[in-house]
Each structure stands twice: as structure tokens, then as C-alpha cells.
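Since the structure comes first, as C-alpha cells, the remarks are kept for the end.
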Amino acid sequence: MDRSSLFQLIQEQLDPDNTGFIAVENFTSLVEHHELQLDPSKLDMLFALVQSNEDGQVCYQELIELMSSKRSSSFRRAIANGRRTLQREILLDETGLGVYKRFVRYVAYEILPCETDRRWYFHQNSLCPPPVFMAIITIIQIVVFMCYGIMLNKWVLQTYQPDFMKSSLVYHPRHRLQVWRFFSYMFMHVGLEQLGFNALLQLMIGVPLEMVHGILRISLLYMAGVVAGSLTVSITDMRAPVVGGSGGVYALCSAHLANVVMNWAGMRCPYKLLRMILALVCMSSEVGRAVWLRFSPPLPSSGPQPSFMAHLAGAVVGISMGLLILRSYEESLQKQCSWWVILFSFITFLLFAIFWNIFAYELLGVQLPPAP
């Protein structure tokens, strides 16, 4: 029999009432006398789990999570070597914490739906590496906006200024062969309202996500949303430019909101329903504002205004790639088939968008607006 057979045996014989907990004595006896072909390291993990619980019970769900082959090697080694004790106390009952540890606990309850993962994150958290990606992106966006605001003496609707649209950072269909523009547009913003919205969400949601899931995964998700945003505009709204980091922001926010919804019972963040409704209203309002500026510009302009399709593309990336990333805390993405399916789909989209930008504009005879 395999590991799944062991789980079924444990549940049927030691937890027939489906209470979710198993007596330590019965569990130890089963593990010591079983006839299953289990890896010795997994047996060590089982005994470490038993020894770390002093209240006489083993959590069945905790057992499944620790034995899962998707867990990272660092997570499994910490259990097997006894360096991680699975304390039964809920984190909210912890007292005497400093300001930083209280913030770490707050982040754990904001982001993670499982108490086991929250305790693991709380006790192993460190500032190495620090969550600097979202902070650096936000600072650069603010600095760029301030520079153009001072130069143009205009802080809202900057895209109506020709000098603003001449920037080498803005994505414009006339300059789509300048590949960096598919990334660099995220540093430019229509005005103070768009910058404020994006910067607030990047700091309030992006930084906690980066603290929990790491700089590599969150930067990958953010940049995937940015690239998907500009490429989607180049396919669906071929005459429009793009500015703003909304593609990356909506990738982060959509992934987080979808993760909260799919783990609703396990999430312990306060006022989660009210906050969910508020977040959806704000995100929808921002999309509505972008649609209005695109099709009903309030001021005369020399060309089309920035497209709103980057928002929607970022949301799709968040619900697909982002949701899998957030649901795989301390799990190896490379061992999950769904990760390779999503990655293959994203790469296929990238290749299609590249060929579209090379050939489709001329084949379709698209009349592009003049370069600013």
C-alpha cells in the first residue's frame, strides 16, 4: 500500500467519527507496527509530529499536509529534524510580542488560510531577504510621477500633454518594436488618482504577499501581469497606448481575493466580507474610470487615450497563475502539473502576441495614430 492507503487506514481506524484529531497513543502504535512500505524520512516526520504535540492529539489535516510530497524540502526537514514544534496554541493567544512580531502575526492572518501554515510562517519568519520588490517599484513610480508633474506642472490627466506621451517609458503602438516599453509603461501614470490607487494596493497587499511568499514568486506574478497587460492591449485595442502599473496590481489583488474566497472558512482576517466588497467596488471603479477616459475623454487629445485592457489581463493572470502561487505556500510549484499547464499557456500567449505584433498590424491594415 502507498501513502494514501495509510491515510485512509488512519482515518477509518483511529478517527471513525471524523473529529479531525487522533489520539497520540493509538497513532504511535499504528506507525510502529504498520506493514506499509514508507520512506524512512517520512517515518521520522510522523514520529516528529507525534512528539511535538503535548495535548495528546494529532491533527489529521496537519498529518496530510506534512506528508504531502508537494511540501518544500525545508519544510519537511524542519519537521524531521525536530526544529519546528507544532505548538497547539493559536497565534492570537500569544502575548508579550514586540511590534515587529505583532506585524508578522497580522500578515500571517491576512494572507494564510491554515493555522499550521500561520504558525510555521510566524516562527520561521526573518527579514532575509527583505520584502523590497514592491517597495522599490512603488518608490520608482512615485519619483517618475513627481518628475513629470514638476516638468509639466500638471498632476492629473497627464496623458493629455504631448510631452508626457513622448516619454520613452510609455507603451505606444507606433513604438512597439522598442521591447522595453512593454515593461516600462508601469512606471508612468495618468494622474495622481491612478498612482495613489496603485501605490496603496501595492503596499497594502503586495508587501504582505511578498513577506509570506517571497520576492521571487511575487515579482514573477507582478511582472507577468504587467507584460500580459501591454500585450493584451496590443492585440485587443491596437491603436491605444498604455500607462500605469495596473496590470501587475490587478494580478496581485485578483489572486489574493480569489484565494480568500476559495479558503473563506480558514481565513481569519477581520471584517473579511466588508473588505472584500470594498476591494471589489474600488477595483471596479478604477476599471470604470479607465473605460470612461478611453472612450469619452474629458479634454481634447491628439490621439487615443490609454487602454483599460491591461486591468482585465492582469486580473486573468492573477486568477490563474497567481491563485496557484498563493495556494502553494511552502510547496514546490515544479512538482505540480497545474503549474506547468498554466506556464505553458502563458508562454503560448506570449509567442502568439509576439507574432501578432510583428505581422498582424500590416496584414489588417490598422491605421495607427501618429507618434507623439
Side-chain angles (χ1 to χ4, degrees), residues 130-207 210 215 218-219 222-231 233-234 237 239-253 282 285-287 289-290 292-294 297-311 313-314 369-372:
V132 296
F133 176 77
M134 294 311 309
I136 291 175
I137 292 294
T138 304
I139 291 173
I140 295 176
Q141 290 171 341
I142 293 174
V143 170
V144 170
F145 177 79
M146 294 292 293
C147 292
Y148 277 92
I150 294 173
M151 181 179 67
L152 302 174
N153 194 26
K154 191 175 182 65
W155 304 96
V156 295
L157 300 178
Q158 291 184 345
T159 52
Y160 290 88
Q161 296 291 323
D163 289 338
F164 180 87
M165 297 304 294
K166 289 179 182 178
S167 171
S168 60
L169 299 178
V170 174
Y171 167 80
H172 192 279
R174 283 284 185 184
H175 302 302
R176 66 186 184 278
L177 296 183
Q178 299 175 358
V179 179
W180 70 85
R181 291 177 181 261
F182 287 93
F183 300 87
S184 62
Y185 78 94
M186 69 180 180
F187 297 118
M188 308 289 287
H189 287 81
V190 172
L192 186 61
E193 70 285 351
Q194 186 188 27
L195 173 67
F197 180 81
N198 286 349
L200 184 65
L201 291 180
Q202 285 173 179
L203 296 178
M204 291 185 61
I205 296 180
V207 171
E210 188 178 346
I215 185 173
I218 298 306
S219 61
Y222 185 87
M223 295 307 300
V226 168
V227 175
S230 56
L231 290 176
V233 170
S234 71
D237 199 358
R239 301 182 70 251
V242 190
V243 296
S246 298
V249 170
Y250 274 64
L252 295 178
C253 293
C282 291
S285 300
E286 170 61 16
V287 174
R289 184 195 66 83
W292 170 63
L293 291 177
R294 174 67 180 90
L299 297 174
S301 60
S302 59
Q305 287 298 294
S307 177
F308 59 91
M309 290 303 297
H311 299 69

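Just so you know, these numbers use all the heavy atoms, side chains as well, and skip hydrogens, waters and symmetry mates.
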What heavy-atom pair brings [X] and [Y] nearest, and what distance separates the two atoms?
{"X": "Val233", "Y": "Ala240", "value": "CG1-O, 3.8 Å"}
{"X": "Val207", "Y": "Leu203", "value": "CB-O, 3.4 Å"}
{"X": "Ser234", "Y": "Tyr171", "value": "CB-OH, 3.3 Å"}
{"X": "His175", "Y": "Ala371", "value": "NE2-CB, 3.8 Å"}
{"X": "Ile218", "Y": "Gly206", "value": "CG2-O, 4.3 Å"}
{"X": "Gly225", "Y": "Ala251", "value": "CA-CB, 4.0 Å"}

Can you find a heavy atom in the side chain of Pro298 that is under 4.5 Å from one in the side chain of Leu293?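 In short, these two side chains touch, coming nearer than 4.5 Å.
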Legend entry - Pairwise side-chain contact, Phe197 with His189, heavy-atom cut-off 4.5 Å (strictly under):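 In short, these two side chains do not touch, never coming nearer than 4.5 Å.
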Atom pair [atom1] ([X]) and [atom2] ([Y]), whose distance is rounded to the nearest 0.5 Å:
{"X": "Arg294", "Y": "Met309", "atom1": "CZ", "atom2": "CE", "result": "11.0 Å"}
{"X": "Ile140", "Y": "Ser184", "atom1": "CD1", "atom2": "OG", "result": "11.5 Å"}
{"X": "Leu252", "Y": "Asn198", "atom1": "CG", "atom2": "CG", "result": "10.5 Å"}
{"X": "Ser219", "Y": "Glu210", "atom1": "OG", "atom2": "CD", "result": "7.5 Å"}
{"X": "Leu192", "Y": "Met146", "atom1": "CG", "atom2": "CE", "result": "9.5 Å"}
{"X": "Phe183", "Y": "Leu169", "atom1": "CZ", "atom2": "CG", "result": "13.5 Å"}

Inset, instruction - Apply the test side chain to side chain contact (heavy atoms under 4.5 Å, CB included) to residues Ile150 and Trp155: give CA-CA distance (whole Å), side-chain angles for both, the deciding distance (0.1 Å), then the verdict. - result: CA-CA 8 Å; Ile150 294 173; Trp155 304 96; 3.9 Å; yes
Using distance only, find each side-chain donor-acceptor pair of residues 157-164 under 3.5 Å and give its atom names and separation, not counting sequence neighbours.
residue : atom : partner : partner atom : Å
Gln158  : NE2  : Lys154  : O            : 2.8
Thr159  : OG1  : Gln305  : OE1          : 2.7

- prompt: Where do Val143 and Phe187 land on the side chain to side chain contact (heavy atoms under 4.5 Å, CB included) test, with the steps shown first?
  reply: CA-CA 9 Å; Val143 170; Phe187 297 118; over 6 Å; no
Exercise. Does a donor on one side chain and an acceptor on the other come within less than 3.5 Å for Ser167 and Tyr148?
Worked result: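 Side chains of Ser167 and Tyr148: pair found under 3.5 Å.
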Chi angles and distances behind the side chain to side chain contact (heavy atoms under 4.5 Å, CB included) call for Ser246, Gln194: CA-CA 9 Å; Ser246 298; Gln194 186 188 27; 3.4 Å; yes
Quick check against the 3.5 Å criterion: does [X] have a side-chain atom that pairs as donor or acceptor with the backbone of [Y]?
{"X": "Glu193", "Y": "Val156", "result": "no"}
{"X": "Arg181", "Y": "His172", "result": "no"}
{"X": "Gln202", "Y": "Val249", "result": "no"}

Next item on the list: Kindly check if the number of other-residue, nucleotide or ligand heavy atoms within 6.0 Å of CE (Met151) is above 12?
Entry: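 Yes.
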Tyr185 vs Val226, side chain to side chain contact (heavy atoms under 4.5 Å, CB included): CA-CA, chis, key distance, verdict: CA-CA 9 Å; Tyr185 78 94; Val226 168; 3.6 Å; yes
